[in-house]
Protein chains: 2
Amino acid sequence: MGSLDQTFHALGDETRRTILAQLLNGEASVSELANQHDMTLTGVSNHLRVLNEAGLVRVEKRGRTRHCRIEPMVLKEASDWLDDYRCFWVRQLDNMAHVLKGIDE
Amino acid sequence: MGSLDQTFHALGDETRRTILAQLLNGEASVSELANQHDMTLTGVSNHLRVLNEAGLVRVEKRGRTRHCRIEPMVLKEASDWLDDYRCFWVRQLDNMAHVLKGIDE
DNA sequence: CGTAAAGTCAAGTAGTTGCTTCACTATACG
DNA sequence: CGTATAGTGAAGCAACTACTTGACTTTACG
């Protein structure tokens, strides 16, 4: 379902990241999500489609409202990909710590 | 320098992720990077500009060649952002483990 | 000097994105 | 029934993306 291309593309938009942050507090309807964005309901619906197709958000129809919630495994895949680069910044932070220690003495 | 928008946008392209993966093995020139992509040198150069402006790659001119290397702190920022969602997939994995345990017994 | 290599810059192009408006469907409520 | 609410779908538009070609600059080497 969600390729890394789709995942990172979906995350590369402030509105979509804000939507995910809203969903940290639990599920929400499309209208509830849209209320906090200076944008049309259709605009938010488009963003939700991107998030859904990337596998980041699941939408469930209940009556006439859609309830959205985070689907975390694709986020985990992105995090796992970034882990391959962790050694680089750990080393950089170690170097900084070393320099700071030198200053302290 | 690199906003999350720029970071995730830069990561949302397979060619650019491959370039980063190439740089895991140490620094490389633009031509060396381009050799492994079915693309013009100019094309790869464009991708490197995106990575550079996002703060993901640092380019240093030495003689007539440019040497590129990973600049990891922006990757760390992206990883830190994803950490806010970690609890979601940990919970999901716990549930899966619980189900599997139930099957074993 | 002349020529080749490494790479950027500018311009063009086909496709994509983000957003809107308008029309529409489906559910709820009086 | 009629009307309001929740949301999608289609079409349109300005801006951006990924990529190319061709001209150019800078460095290296004989």
Side-chain angles (χ1 to χ4, degrees), chain A residues 1-23 26-71 74 78, chain B residues 2-23 26-71 74:
Chain A
M1 176 181 289
S3 64
L4 277 175
D5 267 21
Q6 281 181 297
T7 306
F8 284 127
H9 170 251
L11 295 179
D13 181 279
E14 166 72 21
T15 302
R16 287 193 287 264
R17 287 197 306 278
T18 304
I19 288 174
L20 287 176
Q22 291 175 260
L23 294 177
E27 64 177 38
S29 70
V30 180
S31 304
E32 285 167 349
L33 294 170
N35 281 340
Q36 309 192 36
H37 297 272
D38 191 14
M39 195 184 300
T40 315
L41 187 64
T42 305
V44 173
S45 181
N46 287 341
H47 283 302
L48 280 167
R49 184 171 39 74
V50 173
L51 288 166
N52 182 69
E53 288 176 359
L56 290 164
V57 162
R58 172 171 295 270
V59 182
E60 186 187 344
K61 187 175 172 182
R62 252 181 257 157
R64 67 181 159 178
T65 78
R66 267 76 169 174
H67 294 256
C68 313
R69 64 173 188 276
I70 292 178
E71 187 76 75
V74 172
Chain B
S3 65
L4 277 175
D5 268 21
Q6 281 181 296
T7 305
F8 284 127
H9 170 252
L11 295 179
D13 180 280
E14 165 72 20
T15 302
R16 288 194 285 265
R17 287 197 307 278
T18 305
I19 289 174
L20 287 176
Q22 291 175 260
L23 294 177
E27 64 177 37
S29 70
V30 180
S31 303
E32 285 167 351
L33 294 170
N35 282 339
Q36 308 192 37
H37 297 272
D38 192 15
M39 195 185 297
T40 315
L41 187 63
T42 305
V44 173
S45 181
N46 287 341
H47 283 302
L48 280 168
R49 185 170 40 72
V50 173
L51 288 166
N52 181 247
E53 288 176 357
L56 290 165
V57 162
R58 171 171 296 267
V59 182
E60 186 186 343
K61 187 176 172 182
R62 253 180 256 157
R64 67 179 160 179
T65 78
R66 266 78 168 173
H67 293 258
C68 311
R69 64 173 188 279
I70 291 178
E71 188 76 73
V74 173

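Within every chain, numbering begins at 1; the chains are lettered A, B, ... in the order of the sequence lines, protein sequences first and strands thereafter.
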**Item:** Touch class at under 4.0 angstrom, heavy-atom based, for B:N46 against every strand present
**Value:**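 Contact class for B:N46: base.
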How close do [X] and [Y] get, counting heavy atoms only, and between which atoms?
| X | Y | value |
| --- | --- | --- |
| B:L11 | B:L56 | CD2-CD1, 4.1 Å |
| B:A28 | B:E32 | CA-OE1, 3.3 Å |
| A:V74 | A:G55 | CG2-O, 3.6 Å |
| A:C68 | A:L23 | O-CD2, 3.4 Å |
| B:R17 | B:G12 | NH1-C, 3.8 Å |
| B:D5 | A:E14 | OD1-N, 3.3 Å |

Please report, rounded to the nearest Å, how far the [atom2] atom of [N] is from the [atom1] atom of [X].
| X | N | atom1 | atom2 | result |
| --- | --- | --- | --- | --- |
| B:K61 | C:dA5 | NZ | P | 19 Å |
| B:D13 | C:dG15 | CG | P | 18 Å |
| B:F8 | C:dT17 | CZ | C1' | 19 Å |
| A:H47 | D:dG9 | NE2 | P | 16 Å |
| B:I19 | C:dG7 | CD1 | P | 12 Å |
| A:R49 | C:dT16 | CZ | P | 13 Å |
| A:E14 | C:dC19 | CD | C1' | 16 Å |
| A:D5 | C:dG15 | CG | P | 18 Å |

**Request:** Measure the spacing between CG of A:D13 and CZ of B:F8 and express it to the nearest 0.5 Å.
**Result:**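 Taking CG in A:D13 and CZ in B:F8, the distance rounds to 12.0 Å.
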**Request:** Find which nucleotide of DNA chain C each of A:V50 and B:H67 is nearest to by heavy atoms, and output the residue with the more 5' nucleotide.
**Result:**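 Its nearest nucleotide being more 5', the pick is B:H67.
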**Asked** Of B:V59 and A:T15, whose nearest nucleotide on DNA chain C comes first from the 5' end?
**Response**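 Result: B:V59.
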**Item:** Interface with DNA chain D, restricted to residues 26-45 of chain B and to heavy atoms under 4.0 Å
**Value:**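 When residues 26-45 of chain B is checked for heavy atoms under 4.0 Å from DNA chain D, the hits, listed by number, are B:M39, B:T40, B:T42, B:G43.
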**Request:** Could you tell me whether the side chains of A:T65 and A:H67 share a donor-acceptor contact shorter than 3.5 Å?
**Result:**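 Side-chain D/A pair, A:T65 to A:H67: present.
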Do any N or O atoms of the protein come closer than 3.5 Å to N or O atoms of nucleotides 28-30 of chain C, and which pairs are they?
none

**Request:** Determine the sole option in B:R62, B:R58, B:R66 for which the salt bridge (Lys or Arg N to Asp or Glu O under 4.0 Å) test with B:E27 is passed.
**Result:**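 Of B:R62, B:R58, B:R66, salt bridge (Lys or Arg N to Asp or Glu O under 4.0 Å) with B:E27 is met by B:R62 alone.
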